[in-house]
Q: 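Questions regarding the structure given below will be posed in turn.
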2 protein chains.
Amino acid sequence: MTAQRASVKDVAQLAGVSVGTVSNVLNRPESVTEKTRVRVEQAMAQLNFHRNASARQLRAGVSRTVGVIVMDVGNPYYTELARGIEDRLADDDHTLILCSSDEDPQREAQFLRLLAEQGVRGVLVTPTASTTQRLGDLRRLGIPSVLMDSHSTQHTSVGVDHVSGGRQAISHLLDQGHRRILYLAGPTDLQQTRHRLRGAIEAVQAAGLDPTDVLRVVNLPNLTANEGQRGLIEALDDPGPAPTAVFAMNDIVALGAMRELRVRGLSIPRDMAVVGYDDLYFAAELMTPLSSVRQPMRQLGWAAADLLLTEHPHTVFQPELIVRASSDFRRP
Amino acid sequence: MTAQRASVKDVAQLAGVSVGTVSNVLNRPESVTEKTRVRVEQAMAQLNFHRNASARQLRAGVSRTVGVIVMDVGNPYYTELARGIEDRLADDDHTLILCSSDEDPQREAQFLRLLAEQGVRGVLVTPTASTTQRLGDLRRLGIPSVLMDSHSTQHTSVGVDHVSGGRQAISHLLDQGHRRILYLAGPTDLQQTRHRLRGAIEAVQAAGLDPTDVLRVVNLPNLTANEGQRGLIEALDDPGPAPTAVFAMNDIVALGAMRELRVRGLSIPRDMAVVGYDDLYFAAELMTPLSSVRQPMRQLGWAAADLLLTEHPHTVFQPELIVRASSDFRRP
DNA sequence: CGTCCCGCATGAATCGATTCAGCAGTTTGG
DNA sequence: CCAAACTGCTGAATCGATTCATGCGGGACG
């Protein structure tokens, strides 16, 4: 088998024109006679010609791919984000390279290096703690970046107001009469963790209570169901008054916590209320439908990609609490 | 800002060596004196040098990225697959471009064209109906491909035995005493749809029954929760005896079906048993824990990538039915 | 009829990393 | 002591698409 790719040169030869003309057919078809254009196109079809993106990019200097680094592709929350990005990129005929950092700065750095070598048009990141410095390096190479779901004064970014999300969740639980609330948080170096905590504290203070009495925080190294379960065990096995409600960093963590509650025969929400975050598509279908803070991920992704392609200012979206049975026993 | 990328030439100049030597430092460091190597490395660091992947690939002819096209990145099933692929690729310092075909042959073709232009090292696809012909085009360009979760005599592939999966699910439902079973299937041109049906028929026949009496098939155009709900409505509103069990194409479809059962106040599994497919991580945590056919997605992805990098023969994995309350009322 | 212009096509130069024949200088061996 | 082998480095050629100064032929116009 002659597994040889046809080049513009081959096409030119077959069509009996010069390489420049072939290039014109590809990039400025209006500047070529109909007759020659057809001839060249036939030659391309006959040779199964695909233009070599490397050569194209090497010469032209610009790429039509965008790098996207999310914390966990396994989490539907982030794939929804990716969808939004893809939607926007498709409009401008760009594509995306999707990478999963697994919240590991090492891996993230590795991907950033790779994307830099690829000469991507730009990079969209849900940043881990140590990201921002490396993005400076990229900018120096002429590669713009947009932070997603995060805020920084030195970078363009799109975000959701996590302070508001934390406030809404905790206000709701306080309204339900809870006075000892467990916050199953992510690592402290994650901005989301801190912002939601701030919102939580604001909510407690607004109710005229003392945050140190009301809130108990457990930081989980990973945001998985197993970690959520482990975190709840840790909190329940702790001596002292047990919490009566849990605010989880995301729905998957909440899933793990609910699993443990069930193991212990505790009723949700009577013995322990639960509020999650992200409102994943199955949240309403769980054993106990899960209250959750909904985030407009698709729009967020769209906005991030748009920012990269069109240079807009910073954008912030508002989350919205969805109350279900897991935190309100009057609900179905 | 001088957003100018440094090239090997710049590095060579700064280090006082030739470009060939810089290239040697990058690719054959053992063939360079320690002294010059250090000097070159310092120059690279000082200039914040990143090698240009386009130029590299243009010359070398080989790429270190692999294209992956899955049917739906929103489905955790496929992201798990992607994880397995990534695991294997990382071992050989390759990376992946992840694309979502959304079961749309048009989109798939678009991505294949793009990947061909990128000159990827290979392509891994969960194929839609019309894929195989296009893969022939790729092969003619020297780009190998591996079908995932599918089988074809003309292509290397990794797959799960869907006949077995269908057989296991239906055998189980027959054992539970069901004699009218609804199969909420995907499009008929999807291989998985047909194979599972074949397994279902085998199971019915093995029980000495007539498949046309027992099985009712509804083909859904998309495998979403909403479609699952719609499919169930269609079947229930149909005159004639209603089914007593549902076998869904995947857990998300099952989710939609269960939603409708709940709306109608039907009990699961007493009024209607449900068995899903894929055993997504939340299947055990649903309102009624969902029986499901588990597939080793991560291994499948790993095997697919391995196949591409090392040229092994065809691999088939076995699925495993996990029985939960949704299809067995003696279960918790 | 000559000049100018315009539309269309040409092909050499270019991008940056890699490769490889070749060169200078050193070591080995007979 | 000289040939051969080896080491470490050089720099021109190369990959394929794009660009742009240049050429060419035909039509318009004076």
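The structure presented is a predicted model; accordingly, all values stated were derived computationally and were not measured. Residue numbers start from 1 in every chain, and the chains themselves are labelled A, B, ... in the order their sequence lines are given, proteins ahead of strands.
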Q: What does B:S23 touch in the nucleic acid at a heavy-atom separation under 4.0 angstrom: a base, only the sugar-phosphate, or nothing?
A: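 Here B:S23 touches the bases of the nucleic acid.
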Q: Answer whether the closest heavy-atom distance between the side chains of A:I97 and B:T95 falls below 4.5 Å.
A: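 When only atoms from C-beta onward are counted, B:T95 and A:I97 do not touch, as no gap falls below 4.5 Å.
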Q: Would you kindly check whether a donor in the side chain of A:R56 faces an acceptor in the base of D:dT18, or vice versa, at under 3.5 angstrom?
A: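 In this structure, the two groups form no donor-acceptor pair.
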Q: Verify the contact: side-chain N or O of A:S18 to OP1 or OP2 of C:dT10, cut-off strictly under 4.0 Å; return yes or no.
A: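 Affirmative; the distance criterion is met.
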Q: Phosphate oxygens OP1/OP2 of C:dA9: is one of them under 4.0 Å from a side-chain N or O of A:T33?
A: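 For C:dA9, OP1/OP2 do have a side-chain N/O of A:T33 under 4.0 Å.
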Q: Measure from CZ on B:F49 to P on C:dG16 and round the result to the nearest Å.
A: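 B:F49 atom CZ is separated from C:dG16 atom P by 11 Å.
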Q: Phosphate oxygens OP1/OP2 of C:dA17: is one of them under 4.0 Å from a side-chain N or O of B:N52?
A: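 No, outside the criterion.
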Q: If you assign A:V19 and B:T36 each to the DNA chain D nucleotide with the nearest heavy atom, which residue ends up on the more 5' nucleotide?
A: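 Comparing both residues, the 5'-ward one is B:T36.
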Q: So, are A:E86 and B:R107 salt-bridged, with charged N and O less than 4.0 Å apart?
A: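 A salt bridge links A:E86 with B:R107.
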Q: Would the number of heavy atoms belonging to other residues, nucleotides or ligands and lying under 6.0 Å from CD of A:Q299 be above 12?
A: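 Counting neighbours around CD of A:Q299, more than 12 heavy atoms of other residues, nucleotides or ligands fall under 6.0 Å, so yes.
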Q: What nucleotide among C:dA17, C:dT10, D:dT19 has an atom nearest to a side-chain atom of A:T21?
A: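 Closest nucleotide among those given: C:dT10.
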Q: Just call it for B:V22: base, sugar-phosphate, or nothing, with non-hydrogen atoms closer than 4.0 Å on any strand.
A: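 The residue B:V22 makes no contact with any strand.
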Q: Pick the nucleotide of DNA chain D nearest each of B:S31 and B:A60; which residue has the one closer to the 5' end?
A: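 This one resolves to B:S31.
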Q: Establish, with yes or no, whether the OP1 or OP2 oxygen of D:dT18 is under 4.0 angstrom from a side-chain nitrogen or oxygen of A:R51.
A: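 It does, given that an N or O in the side chain of A:R51 lies less than 4.0 Å from OP1 or OP2 of D:dT18.
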Q: If you take all heavy atoms of B:R88 and B:L309, which pair is closest and at what distance?
A: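 Nearest pair, atom of B:R88 first, then B:L309: NH1-CD1, 3.8 Å.
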Q: C:dG7 P sits how many Å from A:R28 CZ, rounded?
A: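 That distance rounds to 16 Å.
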Q: Categorize A:N24 for me: base, sugar-phosphate, or nothing, with a 4.0 angstrom heavy-atom threshold over every strand shown.
A: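 Base, at least one base atom sits under 4.0 Å.
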Q: Can you check whether A:R59 has a side-chain N or O nearer than 4.0 Å to OP1 or OP2 of D:dC15?
A: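 So the side-chain polar atoms of A:R59 never come under 4.0 Å of the phosphate oxygens OP1 or OP2 of D:dC15.
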